[in-house]
Amino acid sequence: MTRPRVGGAWAGILDAVELVEDELTDALADIIAALFTPDVAVRSKALDDQPDYGVAISLSLYTDNAATGLRRYGVQFRTRGGQDARDVDDMAEAIHQALHGSSRIPAGNSVIAHCWRVSTVSLGRDDSRRWQRSDNYLIDVSTNGSEWIET
Amino acid sequence: MTGRSSVKWSSHTAVVAERARQGAHRGMDEATKQLLEMSNDLVPVDTGALRDSGVASVQAELTVVHGQVAYGTTQYTDIEAIEQHERLDFGHAVGQAKFLEQPFFANADTLRDTMAKGIAEAFGGAE
């Protein structure tokens with residue numbers, strides 16, 4: 001799918017921001033997808049109605065330090081399971097085990113220096129009686145920091 | 001030990017502790033109001049009930065001061081507040097999701113400074 005691009009003098013800057021966020025989402029999606037069987041959809045921002053089981057990953061930029069190249073993002077993992085609430089709780093727990101307290105995660109040209117969960121809340125059932133919940137993490141990202149990776 | 005030329009002072013720790021507690025309370029009060037104001041600029045508005053349900057509060061214990069900013073404090077907004085805050089896929093004519101979390105984390109340094117200022121002023125400081 002071809003996405004619209006911004007033209008003019010801002011094009012390069014906005015493309016760079018988008019590229020970083022795409023790479024972060026891709027890196028996190030790879031980690032999440034590896035936790036589950038292929039019938040669990042891992043998507044950016046929103047889930048389709050099917051399959052029932054899925055994880056939507058959304059990034060929100062909170063701080064951006066131009067001098068250091070460090071950014072702090074909020075990352076929401078919105079999980080949806082079946083009609084047994086324990087399914088979605090198990091999914092969220094697996095994500096927590098994989099990410100909470102993790103560090104130095106390569107993400108394209110950036111590095112997720114630290115990742116930790118800050119909140120979690122049940123979103124109840126959707127119209128198809130599938131349980132949902134939201135787990136929110138903070139990630140500190142070095143956008144120019146390949147040196148953060150241990151060699 | 002005292003000599004011929006000496007300076008002696010006494011620090012009344014109970015007074016110091018009480019001033020610190022009062023300053024922390026005042027600083028927290030200011031910071032929570034500040035955060036509520038920031039959040040009200042971002043909260044989705046349809047009828048205005050969700051925005052109007054926003055409350056900043058401070059609760060002091062003996063050695064800890066707790067601050068809280070909350071939405072959904074009324075019967076008709078309690079479920080709505082969670083959903084509107086967490087559903088990033090909703091479209092809003094006015095406002096956005098993460099209307100509380102975003103200003104809290106984006107302005108953490110400012111809020112911390114406000115709390116520190118409350119304590120400093122309790123001891124007569126200018127900061």
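In the text below, chain A, chain B and the rest are named by the order of the sequence lines, each starting its count at 1. Just so we're clear, the structure is a prediction, and the values are computed from it rather than from any experiment. All values below come from the heavy atoms of this structure, side chains included, with hydrogens, waters and symmetry mates left out.
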Student check: side-chain heavy atoms of A:V141 and A:L70 closer than 4.5 Å: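 Side chain of A:V141 against side chain of A:L70, heavy atoms only: no contact under 4.5 Å found.
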Any side-chain heavy-atom pair of A:L24 and A:V20 under 4.5 Å: yes
Closest non-hydrogen atom pair between [X] and [Y], with its separation:
X      : Y      : value
A:I31  : A:A98  : CG2-CB, 4.3 Å
B:T73  : B:S53  : OG1-O, 2.6 Å
B:I119 : B:F123 : O-CD1, 3.2 Å
A:V88  : A:G81  : CG2-N, 3.7 Å

Which of A:L138, A:L123, A:L47, A:V118 touches chain B most, by non-hydrogen pairs under 4.5 Å: A:L138
Quick check - list every chain B-chain A donor-acceptor pair under 3.5 angstrom, one line each.
residue, atom, partner, partner atom, Å
B:E86, O, A:Q76, NE2, 2.6
B:E86, OE1, A:Q76, NE2, 3.1
B:E86, OE1, A:S134, OG, 2.4
B:E86, OE1, A:N136, ND2, 3.1
B:D89, OD2, A:R78, NH2, 3.3
B:K98, NZ, A:N136, OD1, 2.6
B:E101, OE2, A:Y62, OH, 2.7

